[in-house]
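Before any comments, here is the structure.
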Amino acid sequence: MAQPSQISPTPEAGRTSFHGEKRDKYERLIAKARELPPAPTAVAHPCDESSLRGALDAAAQGLIAPVLVGPSARIIAVAKQCGLDIAGFEIVDTPHSHASAAKAVELVHAGKVALVMKGSLHSDELLAEVTNKETGLRTGRRVSHVFIMDVPSYPEPLFITDAAVNIFPDLEAKRDIIQNAIDLHVGLGLGVPRVAILSAVETVTTKIPSTIEAAALCKMADRGQITGGLLDGPLALDNAISPEAASIKGIVSPVAGRAQILVVPDMEAGNMLAKNLTFLSGADAAGIVLGARVPIILTSRADNVRTRLASCAVAGLYAHALTQTRPIGG
């Protein structure tokens, strides 16, 4: 019988990347997450092979303890058809995808799960239940998405936010987007992050509104409205991640050329940046949604095994961190 895909529990010596460089950023996060008890996770509507196999892969690595929420007959049929062993996993029967999303949220409220994982339903359907004003998982924060990217040519994990949830965020929304990403970086044990607020140029000009917002966000950090990170902006992409480019432009900053979090002007720019890195630079893009009561694992059918496991590892590590010290708005 076919089993969930396997990944080495420790970094593979000599594993090479798209550019011939070692790629082990996710392996370190996965190894760290495996030191914790697996997080109880409501998997909302795992009714195709990709989503069901992804949950079982993560369970096999000790990253999550899945609760399969969806039409039980469909889940069992998919498992049988794909040769997946779901014996021993709890199934919470629901009639359809909308009910699956609602039930996953309900399980959080009941204290039965610490994470929610997207199955084969649409992201908007799941997030609609998460953000429901009356029954959802809202906090004082704006919900936002973070890609945790393993870029072969970059020495450390690169966060990109928000490229999946907030389409054209205003200044207040960007404040939450940045704070969510900072809290995640710190919660994963990666230290105080260097945050670059991106635009097309590194100077403030009324002709490009995102440069004005970037400057305002940096001043908000100076006034304690954003905490826990080092901010600089506006910065163009080259002088945010390239020390040489920053030096040529004469930018003196602890962030420029060494950014760990890239804050994009809007979802269009972020989505294009993340996909550019994925398809032209061979990067992997794990991702989770933050700002709700629990982290939301938002995987894609196109994700490989390694990326799915990294998303689960990141969510589990952060959920554990939240139980220790919950950030503002949590």
Side-chain angles (χ1 to χ4, degrees), residues 127 131 140-149 151 154 158-185 192-278 280-281 283 285 287 289-291 327-329:
L127 292 179
T131 58
R141 289 269 184 86
R142 182 70 168 251
V143 169
S144 63
H145 181 273
V146 177
F147 276 123
I148 303 91
M149 303 201 71
V151 183
Y154 210 65
L158 188 63
F159 290 21
I160 296 177
T161 190
D162 180 341
V165 173
N166 294 283
I167 301 174
F168 295 113
D170 60 17
L171 187 66
E172 293 299 324
K174 285 183 178 179
R175 179 265 168 196
D176 282 358
I177 288 168
I178 293 170
Q179 193 66 66
N180 284 342
I182 289 173
D183 289 343
L184 175 63
H185 198 276
V192 175
R194 299 181 291 274
V195 183
I197 307 170
L198 298 183
S199 185
V201 297
E202 65 279 354
T203 53
V204 178
T205 171
T206 56
K207 296 178 180 179
I208 307 178
S210 61
T211 67
I212 298 173
E213 287 194 341
L217 289 162
C218 289
K219 183 52 66 176
M220 291 170 77
D222 290 343
R223 296 290 186 263
Q225 293 173 270
I226 301 172
T227 61
L230 300 174
L231 275 66
D232 195 9
L235 289 172
L237 178 61
D238 58 345
N239 48 56
I241 62 174
S242 168
E244 293 79 12
S247 177
I248 290 170
K249 291 292 183 70
I251 302 173
V252 179
S253 160
V255 175
R258 306 172 60 234
Q260 296 163 305
I261 297 175
L262 301 179
V263 181
V264 297
D266 53 50
M267 189 176 76
E268 290 178 328
N271 188 273
M272 285 185 278
L273 174 57
K275 288 181 178 177
N276 185 318
L277 291 171
T278 298
L280 294 180
S281 300
V289 170
L290 307 169
I328 298 171

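Looking only at distances, no side-chain donor or acceptor of Ser199 sits under 3.5 Å from a matching main-chain atom of Ser210. Between the Asn180 side chain and the Arg142 main chain, a donor and an acceptor come within less than 3.5 Å of each other. Using a distance-only test at 3.5 Å, with no hydrogens or angles considered, no donor-acceptor pair links the side chain of Asn239 to the main chain of Ala245. Of the possible polar contacts, none joining the Lys174 side chain to the Ala214 backbone as a donor-acceptor pair under 3.5 Å is found. The closest donor-acceptor contact from the side chain of Asp162 to the backbone of Ala164 lies under 3.5 Å. The backbone N or O of Arg194 lies less than 3.5 Å from a partner atom in the side chain of Gln260, making a donor-acceptor pair. Under a 3.5 Å cut-off, the side chain of Glu268 and the backbone N or O of Ile167 do not form any donor-acceptor pair.
Contact of the Leu231 side chain with the Val255 side chain is not registered, since no non-hydrogen atoms from C-beta on lie closer than 4.5 Å. Side-chain atoms of Leu290 and Asp183, non-hydrogen and from C-beta on, never get closer than 4.5 Å to each other. Annotation: side chain of Pro234 is not in contact with side chain of Val201 (no heavy-atom distance under 4.5 Å). You'll find the side chain of Glu244 stays beyond 4.5 Å of the side chain of Asp238, heavy atoms only. Proximity of Leu237 to Leu262: side-chain heavy atoms (C-beta onward) are separated by under 4.5 Å at one or more points.
Remark: Ile197 CD1 to Leu235 CG distance equals 8.5 Å, nearest 0.5 Å. If you take CD on Glu213 and CD on Glu172, they are separated by 10.0 Å, rounding to the nearest 0.5 Å. Remark: Leu217 CG to Gln179 CD distance equals 11.5 Å, nearest 0.5 Å. Distance check: Leu184 CG to Ser144 OG gives 9.5 Å after rounding to the nearest 0.5 Å. The CD atom of Gln225 sits 11.5 Å away from the CD1 atom of Ile178 when rounded to the nearest 0.5 Å. Separating the CD1 atom in Ile261 from the CD1 atom in Ile160 is a distance of 11.5 Å, to the nearest 0.5 Å.
The shortest heavy-atom contact between Val192 and Gly228 is CG1-O, 3.4 Å. Nearest heavy-atom pair, Ala236 versus Glu202, reported as atom, atom and distance to 0.1 Å: CB-OE1, 4.2 Å. Taking every heavy atom of both residues into account, Leu158 and Ala259 meet most closely at CD1-O, 3.7 Å. Between Leu198 and Ala240, the closest heavy-atom pair is CD2-CB, 3.8 Å. The shortest non-hydrogen separation linking Met149 to Ala285 is CE-CB, 3.6 Å.
Listed by chain and number, the residues in a side-chain contact (heavy atoms from CB on, under 4.5 Å) with Ala216 are Leu171 (sequence neighbours excluded). Every salt bridge (Lys or Arg N to Asp or Glu O under 4.0 Å) that Asp222 has, sequence neighbours left out, goes to Lys219.
Of the candidates Thr131, Ile177, Val146, Val289, Val289 is the only one forming a side-chain contact (heavy atoms from CB on, under 4.5 Å) with Val165.
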